[in-house]
Structures are given as structure tokens and as C-alpha cells.
There are 2 protein chains.
Amino acid sequence: MPELDIDRVFHALGDPTRRAILDRLCHGPLSVSRLAEPLDITVTAVAQHLQILAESGLVYTEKIGRVRICRIETAGFTLLQKWISDRRSLWDRRFDQLGDLLAEPEVEK
Amino acid sequence: MPELDIDRVFHALGDPTRRAILDRLCHGPLSVSRLAEPLDITVTAVAQHLQILAESGLVYTEKIGRVRICRIETAGFTLLQKWISDRRSLWDRRFDQLGDLLAEPEVEK
DNA sequence: CGAATACTGAAGTTTCCACTTGACTATTTC
DNA sequence: GAAATAGTCAAGTGGAAACTTCAGTATTCG
């Protein structure tokens, strides 16, 4: 279990293929080769994507026999959601403090 | 105004320097050179990052005189938040449908 | 007006990352 | 036990993207 940070999560989600994989997994668990089918890249490439997704806490995989089953893992999503709400509240707080827009001479002291 | 899609947003947020820029802007608007100060990259590089952030609806910039003022723009964050909640609800729905875990022979038919 | 400031544009470099190939291992199935 | 299946490992390639340099354009200040 690699230490789960937001850097990994954003890097993982930055790739459209990885987001496509997540989209399919939202509807239920799938094997590696099943995931590869609609994507026109090799199974190896898919496995590489899955490793990145797993390391960022977005996917959980488990090898049963010769098949690796992949599922959505919520940890990564939770971390991401926290990141957004943290920044949102920081920014929103600014609007409350001052009258904003009008009468604001300084652009950070 | 370029069409604002989630692809751009995720690509923009995939870079740690751009996230650092956003973090600073959460505390208030800043000029390009002010943003560049703590980052050890050139002003040009910062301007390039800002363009990407602007194109993804995460930052709004406005040139006043010779200074370009940069602020957080909420559109990108809103889009991102929607993306997460859409996927979360899809995945959560699965758990409700079936008894999950136990008694689930198929891995997508 | 001349100098300094704040940025912009174009072009080149370098680094990174998605993807491939080909050989290999482990598990089923016949 | 041989063949098929499912995935893994290591190494290499190509292209995108982050960053630089340097020259240029407005704008403001003395």
C-alpha cells in the first residue's frame, strides 16, 4: 500500500484512458482483459494503468486464480473531494471577509 | 472562452506547480510576477501555466495596465465536483442493488 | 522623453509518460 | 500432461508537455 497523496490521485485522473477505466468500473467489477476489450491498447498497457489507479486509491484489485478482478476503491475519491472542498471554503471565505470587488486596493499587501 | 470540459480540468490539475498556483490564489488575487516569486521557474513558465488554468475554468485573469491579475474561477471546480459525485452515486447504487460481496457469481455477465 | 517594469511570443531543449514488443509465469481446461 | 488462457516483467520508442532563452510590446515612473 503506497502512501496515498493527492499528487498521485491527480496524476492518475489526468489520463483519459484511466478515467474511462474508472467509468466502466463504476458499473461493476471487471477483469483486466475485460477492461482492455473496448480500449484499443494492449492488455499490458491496461495493467499499467491499473497499477497507477491502485496506487492512487481509486481502484482495488485482487488476483483470484489467473484472473485479476478490479473494483472501484473510494479512498481516492474521498481524498479528491476533500481537496476541492478545502479550496472552495478558503476561496469563499475571502468573499465574506471584505466587500470584495469594490474597495480593495491591495492585491496581497 | 474555450469550451470547458473535464478533460482540460484534470489535465490542468495534474501538474503540481499549477495546483500550487491555485493554492496561493485561494487566499486572494495575485499578479503573474507575484505568483512566480516563490516558484523557482521563470515568469514565462508561470504565464503558460496560467493560460492552461484559465482555459480549464480554474482561474480568471484580467489585464489591467501592464499587470495581469489572476483570481480563482469557480466553474472548473464545480465541474470537477460534479464529475466526482456522478461517479460516486453510480458506484454506490451498485451496493444497494444486490446483496454485494456475498452471492454474486458474475463479474459483468 | 528615457528607463524600468510587467508581461508576451516564438522557438528550442529536455524530461517524462503512455504504449509497444517479446519473453515469461501461473492457472485452467481438455 | 499439453494447450489455451490471463496476466506479468523488462526494456525500448515516440510524442507530448514543462521549461528555458531571448527578443519584443505595452505601460508606468522619474
Exercise for the section: Grab the two heavy atoms, one from A:Pro29 and one from A:Ile69, that are nearest each other, plus how far apart they are. Expected result: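 What the structure gives for the nearest pair is CB-CG2, 3.9 Å.
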
Handout entry: Under 4.0 angstrom between A:His49 side-chain N/O and C:dC17 OP1 or OP2
Key =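 Answer no for this pair, as no side-chain N or O of A:His49 is under 4.0 Å from OP1 or OP2.
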
Exercise for the section: Indicate whether OP1 or OP2 belonging to D:dA6 is found under 4.0 Å from a side-chain N or O atom of A:Arg34. Expected result: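 Result: no.
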
Exercise for the section: Can you run down the salt bridge (charged side-chain N to carboxylate O under 4.0 Å, His left out) pairs that involve residues 78-90 of chain B, sequence neighbours left out, and say none if there aren't any? Expected result: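 Every pair satisfying salt bridge (charged side-chain N to carboxylate O under 4.0 Å, His left out) with a residue in residues 78-90 of chain B: A:Asp23-B:Arg87, B:Lys82-B:Asp86.
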
Problem - Between the first and last five pairs of the helix from C:dC1-D:dG30 to C:dC30-D:dG1, the angle of the axes, rounded to 10 degrees - result: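 Roughly 20°, once rounded to the nearest ten degrees.
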
Report whether [X] and [Y] are members of the same hydrophobic cluster (ILVMFWY, side-chain heavy atoms less than 4.5 Å apart, transitive linking).
X	Y	result
A:Leu39	A:Ile52	no
A:Leu4	A:Leu50	yes
B:Leu22	B:Leu79	yes

Practice task
Mind telling me whether A:Trp83 and A:Phe10 have parallel, tilted or perpendicular rings, with 30° and 60° as the class edges?
Solution key: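 Because their plane-to-plane angle is over 60°, the rings of A:Phe10 and A:Trp83 count as perpendicular.
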
Tell me the interatomic distance from [X], atom [atom1], to [N], atom [atom2], rounded to whole angstroms.
X	N	atom1	atom2	result
B:Gln51	C:dC7	CD	C1'	13 Å
A:Ile64	C:dT27	CD1	C1'	13 Å
B:Arg19	D:dA18	CZ	C1'	15 Å
A:Leu53	C:dA18	CG	P	10 Å
A:Arg68	D:dC9	CZ	C1'	13 Å
B:Leu30	C:dA6	CG	P	14 Å
B:Arg8	D:dA16	CZ	P	16 Å
B:Ile69	C:dT5	CD1	P	18 Å

Exercise for the section: Kindly indicate whether the side chain of A:Gln48 and the base of D:dT8 share any N or O donor-acceptor pair separated by less than 3.5 Å? Expected result: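 No, no donor-acceptor pair under 3.5 Å.
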
Practice task
Determine the contact category for A:Ile52: base if any of its heavy atoms lies under 4.0 Å from a base atom, sugar-phosphate if only primed atoms, P, OP1 or OP2 are that close, otherwise nothing.
Solution key: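 It contacts sugar-phosphate atoms only.
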
When you get a sec, tell me which of [options] is the closest nucleotide to the side chain of [X]?
X	options	result
B:Arg66	D:dC19, D:dT28, C:dT29	D:dT28
B:His11	C:dC7, C:dC19, D:dA17	D:dA17
B:Asp15	D:dA18, C:dA18, D:dT8	D:dA18

Handout entry: Straight-line distance of B:Ser56 OG to B:Leu80 CG, nearest 0.5 Å
Key =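 CG of B:Leu80 is found 10.0 Å from OG of B:Ser56.
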
Exercise for the section: Decide yes or no on side chain to side chain contact (heavy atoms under 4.5 Å, CB included) for A:Arg71 and A:Leu25, but give the supporting numbers first. Expected result: CA-CA 6 Å; A:Arg71 308 169 181 271; A:Leu25 291 179; over 6 Å; no

Practice task
Under 4.0 Å from any atom of DNA chain C, heavy atoms only: list the residues of residues 35-46 of chain B that qualify, in numerical order.
Solution key: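 Per residue number, the list reads B:Thr44.
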
Exercise for the section: Might you work through the side chain to side chain contact (heavy atoms under 4.5 Å, CB included) test for B:Leu13 and A:Leu13, ending with a clear yes or no? Expected result: CA-CA 9 Å; B:Leu13 292 172; A:Leu13 293 172; over 6 Å; no

Practice task
May I ask you to decide if A:His49's main-chain N or O and A:Arg18's side chain share a donor-acceptor pair within less than 3.5 Å?
Solution key: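 The answer is no, because no donor-acceptor pair under 3.5 Å joins these two groups.
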
